[in-house]
Amino acid sequence: MAQYFSEVSRTFNEYLLIPGYSSAECIPDNVSLRTPLVKFKKGEECPLTMNIPLTSAIMQSVSGEKLAVALAKEGGVSFIYGSQSIESEAAMVSAAKSFKAGFVVSDSNLTPEDTLADIIRLKTMTDHSTVAITDDGTATGKLLGLVTSRDYRISRMDPSTKIKEFMTSFDRLICGEENTTLKQANDIIWENKLNCLPIVDKTGHLKYMVFRKDYDSHKENVNELLDKHKRYVVGAGINTRDYEQRVPALIEAGADVLCIDSSEGYSEWQKRTIAFIREQYGDTVKVGAGNVVDKDGFLFLADAGADFVKVGIGGGSICITRETKGIGRGQATALIEVCKARNEYYKKTGVYIPVCSDGGIVYDHHITLALAMGADFLMLGRYFARFDESPTNRVNIGGTYYKEYWGEGSNRARNWQRYDLGGDKKLSFEEGVDSYVPYAGSLKDNVNLSLMKVKSTMCNCGALSIPELQEKAKLTLVSATSIVEGGAHDVIQKDTGVSQFK
């Protein structure tokens, strides 16, 4: 007879935190969100600690090198997606690791033969007004000129006008040499009243752009996460098929931590993958595993040697695994059981294995709930897909901007390795959808706002750190009626004119 769980499978939205005593010291500025990323022994320091409890999902529509740098600046870690060639993923890792603060690889590039219409289209996609004009239209081509909003007027020019007719040509530009330091670049920008400074090599090929607007932001990244060589910490996803070739390439590229990307982690395939890494690298290479939803799954991966364990099956906004296969568990219930198992394992063995909550986050306060329930950090997909730094296009639908967002189990991604059960190398059926999410702007602004809410709630609970929150948190289940009561109700809101009577 099948085993039945007596408790209902619950989500974050079914819980609320009960306030605790807040001392005079409980203010957001005093809250620390530092948290371990990988396992460590009792009495020892964790070898890799994050300054904020956020990581980005291993997804094509979320984690590229640009987002990896942006998130590391804020103190978190991005796991660059593995559903691409080994060479391509390694190149992304290398690009993020070699990123020089303040030196931006141009993401808006065209050729002189392109037109004003192309400029307008590109600006709509990227929201960047500076376009590098190179001989081949790439970010590393020979620089022939720049186009900024001062170089054209849409109302007075034919959209078919070629860029070479109105661009600021190379001989009129002030550029920096390849070995220019950030201080020198900023000095050139201020002395010459420039908005940006192209950095070119000896042959005139574009290397980077340094922008005036970025000057202040470089001084604001107090939480940036760096390795011992002062490079940004970067993660990368792997699968259970080509790990013998992919892992060495990613380590050579500089990846600080790996994570097996799989919809279900309680499998022989993950055990074999971890075993290979331990045989080849010992404990020097850090690798997370998952996903699981119960104690048995956690203990299996813990004994296999995982450095952290991801929790969650079917809770992602674009995941339809529960619909198509009928497996999974409410994220809150799964997380509570796994974190309890993690604590028991730590008490028994003296080894602390961090738990990552993956999926089920709809509102910012769900982040705090996940931490209170025992998660050490979270992995987010939809949340990060909305930002400028995600790899997808920004599109205008009905006058509103959105970003493209698709699941790894969708027909678009065709990431069969993530759903691999040892059969044919193909995606037998879809477990994710192709969608859009509302465009939200920059990662920095949104992450800071979300984490300010987290810190404020922690203060309401009388906690100044994540471990203290987990110790002091008091959680209560809520009814459907109380969920309605918790939002705006029985009023007509001024800004929308929409009735909130329920």
Side-chain angles (χ1 to χ4, degrees), residues 12 17 26 28-57 68 71-79 221-227 232-235 256-259 286-291 298 302 306-312 331 335-336 338-343 345-346 351-361 364-380 383-384 443 447-448 450-459 461-473:
F12 292 130
L17 284 157
C26 280
D29 285 347
N30 290 340
V31 174
S32 169
L33 293 177
R34 283 178 57 82
T35 191
L37 177 59
V38 297
K39 69 182 178 184
F40 59 94
K41 293 181 179 178
K42 186 175 183 179
E44 296 181 359
E45 186 177 344
C46 177
L48 189 50
T49 300
M50 295 189 294
N51 293 323
I52 62 172
L54 303 181
T55 63
S56 68
L71 186 51
K73 286 182 178 179
E74 301 309 311
V77 173
S78 181
F79 285 87
N221 301 321
V222 295
N223 285 324
E224 62 183 2
L225 195 60
L226 305 174
D227 64 17
Y232 289 120
V233 172
V234 179
D256 298 278
V257 57
L258 306 175
C259 183
K286 307 302 180 183
V287 57
N291 288 13
F298 170 83
D307 285 292
F308 65 84
V309 173
K310 284 202 299 166
V311 176
Q331 188 66 11
L335 185 61
I336 290 168
V338 171
C339 289
K340 182 179 178 182
R342 184 267 321 277
N343 293 342
Y345 186 87
Y346 178 54
V351 177
Y352 187 89
I353 301 177
V355 167
C356 169
S357 180
D358 180 16
I361 300 298
D364 285 345
H365 76 269
H366 289 172
I367 297 174
T368 320
L369 284 169
L371 296 173
M373 290 174 181
D376 296 280
F377 59 96
L378 294 86
M379 181 169 281
L380 304 170
Y383 179 88
F384 287 114
L443 179 147
V447 165
N448 286 341
S450 296
L451 294 183
M452 180 55 68
K453 295 177 185 178
V454 172
K455 290 180 178 181
S456 179
T457 304
M458 288 174 63
C459 289
C461 296
L464 293 175
S465 68
I466 293 173
E468 190 176 11
L469 173 67
Q470 293 166 350
E471 178 184 347
K472 293 183 175 181

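What you see is a predicted model, and the numbers here were worked out from it, not measured in a lab.
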Short side-chain to backbone donor-acceptor contact, [X] and [Y], under 3.5 Å:
{"X": "E44", "Y": "F40", "answer": "no"}
{"X": "R342", "Y": "G374", "answer": "yes"}
{"X": "D376", "Y": "V355", "answer": "yes"}
{"X": "Q470", "Y": "S465", "answer": "no"}
{"X": "S456", "Y": "M452", "answer": "no"}
{"X": "N51", "Y": "N223", "answer": "yes"}

Spacing of [X] atom [atom1] and [Y] atom [atom2] [to the nearest 0.5 Å]:
{"X": "K455", "Y": "D29", "atom1": "NZ", "atom2": "CG", "result": "7.0 Å"}
{"X": "I466", "Y": "T35", "atom1": "CD1", "atom2": "OG1", "result": "4.0 Å"}
{"X": "C259", "Y": "F308", "atom1": "SG", "atom2": "CZ", "result": "4.0 Å"}
{"X": "T368", "Y": "L469", "atom1": "OG1", "atom2": "CG", "result": "7.5 Å"}
{"X": "K42", "Y": "Y346", "atom1": "NZ", "atom2": "OH", "result": "5.5 Å"}
{"X": "S78", "Y": "L71", "atom1": "OG", "atom2": "CG", "result": "6.0 Å"}

Would you call [X] and [Y] a side-chain contact if the rule is heavy atoms closer than 4.5 Å?
{"X": "L54", "Y": "L451", "result": "yes"}
{"X": "L378", "Y": "L371", "result": "yes"}
{"X": "L464", "Y": "C26", "result": "yes"}
{"X": "V257", "Y": "F79", "result": "yes"}
{"X": "E74", "Y": "L443", "result": "yes"}
{"X": "F12", "Y": "L335", "result": "yes"}
{"X": "T55", "Y": "F384", "result": "no"}
{"X": "I361", "Y": "I367", "result": "yes"}

May I have the step-by-step check of side chain to side chain contact (heavy atoms under 4.5 Å, CB included) for M379 and C356, ending in yes or no?
CA-CA 7 Å; M379 181 169 281; C356 169; 3.5 Å; yes
So which heavy atom on [X] is nearest to which on [Y], and how close?
{"X": "Y345", "Y": "I353", "result": "CE2-CD1, 3.6 Å"}
{"X": "S450", "Y": "Y383", "result": "OG-OH, 2.7 Å"}
{"X": "T49", "Y": "L225", "result": "O-CD1, 3.2 Å"}
{"X": "F377", "Y": "L37", "result": "CZ-CD1, 3.4 Å"}
{"X": "S357", "Y": "Q331", "result": "OG-NE2, 3.0 Å"}
{"X": "A473", "Y": "A372", "result": "CB-CB, 3.8 Å"}

Is the count of non-hydrogen atoms from other residues, nucleotides or ligands lying under 6.0 Å from E45 atom CD greater than 12?
no
Apply side chain to side chain contact (heavy atoms under 4.5 Å, CB included) to L17 and L369, showing your working.
CA-CA 7 Å; L17 284 157; L369 284 169; 3.8 Å; yes
